[in-house]
Amino acid sequence: MIDDFLAGDLTEVEEAVRAAAAAEIMPRYRQLAAHEIVEKSGPHDLVTTADRLAEEHLTASLTRLLPGSVVVGEEAVHADPKVYDALDGDAPVWIVDPVDGTRQFVRGEPGFCTLVALAHRGELLASWTYAAALNEMAIAVRGRGAVLNGVPIRSGSPAPGAALEVAMSHPDYTTDAQKRALLGLFVEGIHPRPCGSAGLEYLAVARGDQDAVAFNWEYAWDHAAGLLLVTEAGGAQATLSGTPFRIAGGNDLPFTAARDKATAERILAALRAGG
């Protein structure tokens, strides 16, 4: 079933992602009322009406495109954590973050995106990263490469001797051990900065505009689409132990995704030195 789907016309998925953003996200961009913004775990963890309705829209349209599939969405898991268990199940799974970069969306900034990935039995198969306000759609299909607005992209490699530009988790939102690891990035030859939308940070790596990311959290909806995008663009990814990131969790954190294998290894070495 899943092989036949991937061999077919995937433009319907792209159209579903664009339709959800057009119907539920962009009409509320810079138009949110106070009652449409709610704190979940705290002031840095926000959800809006756009998040909830876009996820509902995508859940309906994506499962219709692939009968028998299920959705693991950020808002559905917040309501029922058991939904996350589907990542270890036998059914094809759509992994959805309706608005990645909700804080930026709430502030009326364009740095947010919709993330959708398709996985089966732990293997990432395809992904869609849609920055509606920037008119950018990045798509990756396992073994077929990555494109941005229909044009193939490659991550390339950093210029020899250049300092690495790295987006990282903010140290304030980590455990003490993870904080120490991330502080290992503050060395000569690496320029770390706090990340914005994770999906857009991955896109920057995939297109060669940024050298790496280093994150300490592992929610699949934040990382699945971007990890496949970077990998299909020629990049590399690994957890602190050197093993690949598992979308179902249980990873040795922090982890990195980078423009090439050498850069990933350099970031991991810095993280280990910090820890």
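For Glu14, the salt bridge (Lys or Arg N to Asp or Glu O under 4.0 Å) partners are Arg18, not counting sequence neighbours. Applying the side chain to side chain contact (heavy atoms under 4.5 Å, CB included) rule to Asp85 yields the partners Lys82; only residues at least two apart in sequence or on another chain are considered. Looking at residues two or more places apart in sequence or on another chain, you find no salt bridge (Lys or Arg N to Asp or Glu O under 4.0 Å) involving Asp9. Partners of Glu24 according to the salt bridge (Lys or Arg N to Asp or Glu O under 4.0 Å) rule, which considers only residues two or more places apart in sequence or in another chain, are Arg28. In terms of the ring-ring contact (aromatic ring centres under 6.0 Å, His included) criterion, residue partners of Phe112 (sequence neighbours excluded) are, by chain and number, Tyr29, Phe105. Taking the side chain to side chain contact (heavy atoms under 4.5 Å, CB included) definition, one finds that Ser157 meets it with Asp260, sequence neighbours left out. Not counting sequence neighbours, the partners of Asn251 by the side-chain hydrogen bond (donor to acceptor under 3.5 Å, both in side chains) test are Glu218. Not a single side-chain hydrogen bond (donor to acceptor under 3.5 Å, both in side chains) links Glu232 to another residue, sequence neighbours left out. Residues satisfying the salt bridge (Lys or Arg N to Asp or Glu O under 4.0 Å) criterion with Glu55, sequence neighbours excluded, are absent altogether.
Counting heavy atoms from C-beta outward, Leu62 and Ser69 have side chains that stay 4.5 Å or more apart. For the pair Leu164 and Thr263, the minimum side-chain heavy-atom distance is below 4.5 Å. The side-chain heavy atoms of Phe5 and Leu125, taken from C-beta on, include no pair separated by under 4.5 Å. In this structure the side chain of Leu118 never reaches within 4.5 angstrom of the side chain of Val13, judged on heavy atoms.
A distance of 6.0 Å separates CZ in Arg272 from CG in Leu240, rounded to the nearest 0.5 Å. Taken to the nearest 0.5 Å, the CG atom of Asp80 stands 13.5 Å off from the CD atom of Glu75. To the nearest 0.5 Å, atoms CG (Asp51) and OG1 (Thr102) are separated by 4.0 Å. Expressed to the nearest 0.5 Å, how far NE2 of His191 lies from CG of Leu185 amounts to 12.0 Å. Here the CZ-CG distance, from Arg266 to Leu268, works out to 12.5 Å after rounding to the nearest 0.5 Å. Rounding to the nearest 0.5 angstrom, the gap separating the SG atom in Cys113 from the CG atom in Leu200 is 4.0 Å.
Other residues sharing the hydrophobic cluster of Val70, ordered by chain and number and joined by side-chain separations under 4.5 Å: Val72, Val77, Val83, Tyr84, Leu87, Val93, Ile95, Leu124, Tyr202, Val205, Val213, Phe215, Trp217, Tyr219, Trp221, Leu227, Leu228, Val230, Phe245, Ile247, Leu253, Phe255. Alongside Leu53, the hydrophobic cluster contains no other residue (criterion: ILVMFWY side chains under 4.5 Å).
Under a hydrophobic-cluster definition in which Ile, Leu, Val, Met, Phe, Trp and Tyr are linked whenever side-chain heavy atoms come within less than 4.5 Å, directly or via other members, Ile153 and Val147 are assigned to different clusters. Trp128 and Leu148 end up in different hydrophobic clusters when Ile, Leu, Val, Met, Phe, Trp and Tyr side chains are linked at under 4.5 Å. Residue Leu58 is not grouped with residue Leu115 when hydrophobic side chains (ILVMFWY) are merged at heavy-atom distances under 4.5 angstrom, including chains of intermediate members.
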Kindly list each side-chain donor-acceptor pair under 3.5 angstrom involving residues 130-145, sequence neighbours excluded, with atom names and distances?
{"unit_1": "Glu136", "atom_1": "OE1", "unit_2": "Arg207", "atom_2": "NH1", "d": "3.4"}
{"unit_1": "Glu136", "atom_1": "OE2", "unit_2": "Arg207", "atom_2": "NH1", "d": "3.4"}
{"unit_1": "Glu136", "atom_1": "OE2", "unit_2": "Arg207", "atom_2": "NH2", "d": "3.3"}
{"unit_1": "Arg142", "atom_1": "NE", "unit_2": "Glu123", "atom_2": "OE2", "d": "2.6"}
{"unit_1": "Arg142", "atom_1": "NH2", "unit_2": "Glu123", "atom_2": "OE2", "d": "3.4"}
{"unit_1": "Arg144", "atom_1": "NH1", "unit_2": "Leu6", "atom_2": "O", "d": "3.4"}
{"unit_1": "Arg144", "atom_1": "NH2", "unit_2": "Leu6", "atom_2": "O", "d": "2.6"}

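Side-chain atoms of Asp222 never come within 3.5 Å of backbone atoms of Ala198 as a donor-acceptor pair (strictly under, hydrogens ignored). For Thr114 (side chain) and Pro98 (main-chain N/O), a donor-acceptor pair under 3.5 Å exists by modelled atom type. No side-chain donor-acceptor contact under 3.5 Å links Arg259 to the backbone of Ala212. Asp211 places no side-chain N or O within 3.5 Å of a backbone atom of Val166 that could act as its donor or acceptor partner.
Taking all atoms of both residues into account, the shortest heavy-atom contact from Met168 to Pro192 is SD-CB, 3.5 Å. What you find for Ala264 and Ala258 is that their closest heavy atoms are N-CB, 3.5 Å. Pro110 approaches Arg30 most closely through the heavy-atom pair CD-NH2, 4.4 Å. Pairing each heavy atom of Gly111 with each of Ser197, the nearest pair is O-CB, 3.5 Å. Considering all non-hydrogen atoms of both residues, Asp100 and Gly199 come closest at OD2-N, 2.8 Å. Here the closest non-hydrogen pair linking Gly150 and Pro152 is O-CD, 3.9 Å.
Using a cut-off of 4.0 Å between Lys/Arg side-chain N and Asp/Glu carboxylate O, Arg193 and Glu201 are scored as salt-bridged.
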Side chain to side chain contact (heavy atoms under 4.5 Å, CB included), that's the test. Do Glu12 and Leu66 meet it? Break it down for me. CA-CA 11 Å; Glu12 290 185 324; Leu66 181 56; over 6 Å; no
Go through it in stages, so that I can follow the logic: the residues are Val96 and Thr59, the test is side chain to side chain contact (heavy atoms under 4.5 Å, CB included), and I'd like the CA-CA distance, side-chain angles, deciding distance and then a yes or no. CA-CA 8 Å; Val96 173; Thr59 297; 5.9 Å; no
Pair Asp209, Leu203 - check side chain to side chain contact (heavy atoms under 4.5 Å, CB included), show working. CA-CA 8 Å; Asp209 290 343; Leu203 175 55; over 6 Å; no
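Between the side chains of Thr239 and Asp252, no donor N or O sits under 3.5 Å from an acceptor N or O.
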